[in-house]
Amino acid sequence: GVEVGPQPQGVVRADTLDKMRKIVKHGLDFVQLFNEGREFPPCTIEVFKIMEKVDYPRNKNDEVIAIIHPKLQDQDWQPLNNGDPLFLTLDGEVIEYKGNCTVYPTFINEAAYYEKKQAFVKTVKIKLTAKHIRSSVL
């Protein structure tokens, strides 16, 4: 599957649709070349591994008491370090990120995840290495 975003629910954006088409085309090109017997060399790629879903701060009645801090809003895939602003309470208090490593939040303040009690997802950057591949059917 391919999910390209971010974009608001129910909205179709031409630029996002174009990115999705390019990704699908590259995938189909790969399949065609692989099926033709093309050998692909080893490669390494950086990816983001999901570590944890983070909820909004809540009170004892399970009511949200803080919103995404303005400095975090629209910063998907950008580094978040210990001490960076994370949430802003309705009283104006800043809640900072307390972590022992840099993380890369994504799905920040996505409306589709409110009901799932998810303010954002913490990811970490890792490297994946693939050996060379070639179709054995020729």
Side-chain angles (χ1 to χ4, degrees):
V2 175
E3 181 178 343
V4 181
Q7 61 185 16
Q9 284 181 285
V11 173
V12 179
R13 291 180 43 153
D15 59 333
T16 303
L17 184 61
D18 185 54
K19 288 176 187 176
M20 185 271 309
R21 284 182 173 143
K22 287 177 182 174
I23 289 170
V24 170
K25 181 185 179 314
H26 286 304
L28 293 173
D29 289 346
F30 169 82
V31 170
Q32 180 177 349
L33 293 170
F34 180 79
N35 287 342
E36 290 172 356
R38 173 92 168 267
E39 184 170 347
F40 293 87
C43 66
T44 300
I45 185 170
E46 280 189 338
V47 298
F48 295 90
K49 179 180 178 182
I50 293 175
M51 300 305 292
E52 175 185 8
K53 295 176 182 177
V54 178
D55 191 8
Y56 293 90
R58 295 176 182 271
N59 64 17
K60 64 181 182 218
N61 297 325
D62 204 35
E63 298 165 325
V64 173
I65 59 168
I67 59 175
I68 294 293
H69 192 280
K71 289 186 177 178
L72 181 61
Q73 184 64 53
D74 301 321
Q75 297 301 306
D76 294 76
W77 311 111
Q78 300 304 308
L80 181 67
N81 298 296
N82 189 44
D84 286 347
L86 200 56
F87 295 105
L88 185 62
T89 69
L90 302 179
D91 296 332
E93 177 189 341
V94 174
I95 299 173
E96 297 177 342
Y97 171 62
K98 303 288 185 219
N100 56 5
C101 69
T102 299
V103 295
Y104 298 82
T106 189
F107 303 115
I108 299 169
N109 204 22
E110 291 278 341
Y113 297 116
Y114 282 179
E115 65 190 34
K116 295 179 170 128
K117 296 186 174 182
Q118 180 178 311
F120 63 93
V121 173
K122 283 197 306 190
T123 70
V124 293
K125 242 190 234 192
I126 63 170
K127 289 186 179 186
L128 295 180
T129 301
K131 298 177 181 178
H132 80 281
I133 60 170
R134 180 181 207 158
S135 174
S136 59
V137 181
L138 288 175

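Residue numbers count from 1 along this sequence.
- Here the side chain of Arg134 pairs no donor or acceptor atom with the backbone of Arg38 at under 3.5 angstrom.
- Contact annotation: the side chain of His69 never approaches that of Leu86 to less than 4.5 Å [non-hydrogen atoms, C-beta and beyond].
- Under the 4.5 Å side-chain criterion, counting only non-hydrogen atoms from C-beta, Lys117 is in contact with Arg58.
- Under the 4.5 Å side-chain contact rule for hydrophobic residues, Val103 and Val121 do not share a cluster.
- Within the 4.5 Å cutoff, the side chain of Pro70 has heavy atoms near those of the Leu88 side chain.
- Smallest separation of non-hydrogen atoms from Met51 and Val124: SD-CG2, 3.6 Å.
- Val94 and Leu90 fall within the same hydrophobic cluster, defined by Ile, Leu, Val, Met, Phe, Trp and Tyr side-chain heavy atoms under 4.5 Å apart, directly or through other members.
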Run the side chain to side chain contact (heavy atoms under 4.5 Å, CB included) check on Met20 and Thr16 step by step: do they pass?
-> CA-CA 6 Å; Met20 185 271 309; Thr16 303; 5.8 Å; no
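- In terms of heavy atoms, Arg13 sits closest to Asp15 at NH2-OD2, 2.6 Å.
- To the nearest 0.5 angstrom, Gln78 atom CD is 8.5 Å from Ile108 atom CD1.
- Smallest separation of non-hydrogen atoms from Pro85 and Leu72: O-CB, 4.1 Å.
- Crowding of Ile23 atom CD1: a count of heavy atoms from other residues, nucleotides or ligands under 6.0 Å exceeding 12.
- Side-chain contact check for Tyr114 and Asn109: at least one donor-acceptor pair (N or O, by modelled atom type) lies under 3.5 Å.
- Within a 6.0 Å sphere centred on CD1 of Ile126, other residues, nucleotides and ligands contribute more than 12 heavy atoms.
- Judged by distance alone, with hydrogens and angles left aside, the side-chain atoms of Asp76 form a donor-acceptor pair with the main-chain N or O of Phe107 at under 3.5 Å.
- At most 12 non-hydrogen atoms from other residues, nucleotides or ligands lie less than 6.0 angstrom from CZ of Arg21.
- For the pair Ile67/Tyr56, no side-chain contact is recorded, criterion being any heavy-atom separation below 4.5 Å from C-beta on.
- No side-chain heavy atom of Thr89 sits under 4.5 Å from any side-chain heavy atom of Ile65.
- Counting only heavy atoms from C-beta outward, the side chains of Lys122 and Phe120 approach each other to under 4.5 Å.
- The minimum heavy-atom distance between Phe87 and Ala66, with the atom names listed, is CB-CB, 3.8 Å.
- Asn82 places a side-chain heavy atom less than 4.5 Å from the side chain of Lys98.
- Within the 3.5 Å criterion, the main-chain N or O of Thr102 finds no donor-acceptor partner in the side chain of Asn81.
- Separation of atoms CG (Leu33) and OG (Ser135) is listed at 11.5 Å; rounding is to 0.5 Å.
- Ring geometry for Tyr104 versus Phe48: interplanar angle over 60°, hence perpendicular rather than tilted (30 to 60°).
- No continuous path of hydrophobic side-chain contacts links Val64 to Tyr113 [ILVMFWY only; heavy atoms under 4.5 Å].
- If you take NZ on Lys53 and CD on Gln118, they are separated by 5.5 Å, rounding to the nearest 0.5 Å.
- Within a 6.0 Å sphere centred on CG of Asn61, other residues, nucleotides and ligands contribute more than 12 heavy atoms.
- Thr123 and Thr106 share no donor-acceptor pair across their side chains, judged by distance under 3.5 Å alone.
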